[in-house]
Amino acid sequence: KRVGLFVNAAAEEINRVAEQLALDYIQLHGDEPPELLAALSERPIIRAFRFGENGAADIAEFLRGCGSGRRPDAILVDAAKPGEYGGTGEVADWDAVAAAKPALDGIPLVLAGGLTPFNVAAAIAKVRPEGVDTASGVESRPGNKDPMLVRAFVNTAKKAFQQLDGAAT
C-alpha cells in the first residue's frame, strides 16, 4: 500500500498529492488539528502522535476535538523527541503506550518509535498493536533502507502477530 506522510501541510496540498500519486493512505505526522480531517479526501487517515510526558492526553484531546466529525482510521504512536516529528530511532515507552490504549477509543493502534528486527517481537507482545511502523530501524545508514533488515523486520513482526492471534483463540 502507498502511504503519503505529511507534516503540517495544507488540505489542498495533501489532497492534490494523494490524487496524483494514487495514495492508499494519508499519514499526518505534524501538529494538524482535528478540523483538517474533514477537508481531506476519503482515503484512510493515520494520525501520528509523539508519545512523551503527556502520555495519551494529546490523543484524547485530539479525539475530543473531532467530536462527531471525521476521526482518524488509525493512530500511530511514535516516541517523543523535542523538536522532531518522528523517525528519530528513539524507543517509545511500551508500558505507557499499552496502558494508554483505552484512550484510543477503539481506533486501531500502529506502534512506531525505534522498532528494529531485534525488538519488534517484544514490542508487539507488550503493546498488542494492530500494526507496526519502522524507518531508521531498518537502515544500514541514515536514509538507506537495508533490504535484509526490512525482510527480517517484516518476518519477525508477522510471527509476533501470529503468536498474538494464537494466544487470543
Side-chain angles (χ1 to χ4, degrees), residues 1-52 54-81 83-88 90 92 94 96-115 120 123-124 127-139 143 145 150-151 153-155 157-158 160-162 164-165 168:
K1 300 288 182 182
R2 287 183 226 153
V3 179
L5 192 149
F6 300 88
V7 177
N8 297 330
E12 299 78 24
E13 179 183 359
I14 295 169
N15 288 331
R16 179 182 52 76
V17 170
E19 186 65 29
Q20 283 179 341
L21 299 179
L23 296 177
D24 297 300
Y25 293 87
I26 293 169
Q27 182 173 322
L28 304 175
H29 219 294
D31 303 309
E32 297 86 3
E35 303 79 42
L36 180 73
L37 276 62
L40 297 177
S41 72
E42 291 302 311
R43 287 171 176 81
I45 297 171
I46 303 167
R47 177 62 166 86
F49 291 90
R50 294 171 300 284
F51 199 88
N54 290 342
D58 294 337
I59 298 169
E61 180 181 336
F62 184 89
L63 293 176
R64 276 192 302 277
C66 291
S68 62
R70 187 166 182 197
R71 295 162 54 99
D73 297 280
I75 291 176
L76 183 143
V77 173
D78 200 350
K81 185 172 182 183
E84 301 288 335
Y85 284 106
T88 64
E90 302 287 323
W94 299 338
V97 173
K101 278 185 75 176
L104 304 185
D105 198 26
I107 297 173
L109 168 67
V110 178
L111 181 64
L115 297 179
V120 68
I124 291 169
V127 178
R128 304 176 80 82
E130 282 72 27
V132 290
D133 181 287
T134 189
S136 60
V138 294
E139 293 178 346
K145 302 294 184 254
V150 171
R151 212 170 357 265
F153 182 89
V154 170
N155 290 337
K158 281 183 176 181
F161 279 118
Q162 287 169 350
L164 280 186
D165 290 343

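Throughout, residue positions are numbered sequentially from 1 according to the sequence presented.
- Residues P72 and L37 approach most closely at N-CD2, 3.5 Å, considering heavy atoms.
- The side-chain heavy atoms of L5 and V3, taken from C-beta on, include no pair separated by under 4.5 Å.
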All N/O donor-acceptor pairs, side-chain side in residues 101-110, below 3.5 Å, sequence neighbours left out:
residue : atom : partner : partner atom : Å
K101    : NZ   : R128    : O            : 2.5
D105    : OD2  : R71     : NH2          : 2.8

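- Residues A98 and V127 come closest through the heavy atom pair CB-CA, 4.0 Å.
- With sequence neighbours excluded, the residues satisfying ring pair (Phe, Tyr, Trp, His ring centres under 6.0 Å) with F62 are F49.
- Residue D31 holds its CG atom at 5.0 Å from CG of N8, rounded to the nearest 0.5 Å.
- With rounding to the nearest 0.5 Å, the separation of CD in E13 from CZ in F6 is 7.0 Å.
- Using modelled atom types, no side-chain atom of R47 and backbone atom of P34 make a donor-acceptor pair closer than 3.5 Å.
- Contacts of A96 classified as side-chain contact (heavy atoms from CB on, under 4.5 Å), with partners at least two apart in sequence or in another chain: F51, D93.
- In this view, D73 satisfies the side chain to side chain donor-acceptor pair (under 3.5 Å) rule with no residue, not counting sequence neighbours.
- Nearest heavy atom pair, residue L111 against residue A123, reads CD2-CB, 3.7 Å.
- Residues that satisfy the side chain to side chain donor-acceptor pair (under 3.5 Å) test with E139, not counting sequence neighbours, are K145.
- Taking all atoms of both residues into account, the shortest heavy-atom contact from R50 to G30 is NH1-O, 3.7 Å.
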D133/I46 under side chain to side chain contact (heavy atoms under 4.5 Å, CB included): CA gap, chis, key distance, verdict: CA-CA 11 Å; D133 181 287; I46 303 167; over 6 Å; no

Please tabulate, for side-chain N and O atoms in residues 20-28, each donor-acceptor pair with protein atoms closer than 3.5 Å (sequence neighbours left out).
residue : atom : partner : partner atom : Å
Q20     : OE1  : R16     : NH1          : 3.4
D24     : OD2  : R2      : N            : 2.7

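- When all heavy atoms of A92 and A112 are compared, the closest pair comes out as CB-O, 3.9 Å.
- Side-chain N or O atoms of S41 include none that pairs as donor or acceptor with a backbone N or O of N15 at under 3.5 Å.
- Judged as a salt bridge (Lys or Arg N to Asp or Glu O under 4.0 Å), and not counting sequence neighbours, the contacts of E19 are R43.
- Among residue pairs with one or both ends in residues 55-65, none qualify as salt bridge (Lys or Arg N to Asp or Glu O under 4.0 Å); sequence neighbours excluded.
- When side chains are defined from C-beta on, L40 counts as touching I45, because their heavy atoms get closer than 4.5 Å.
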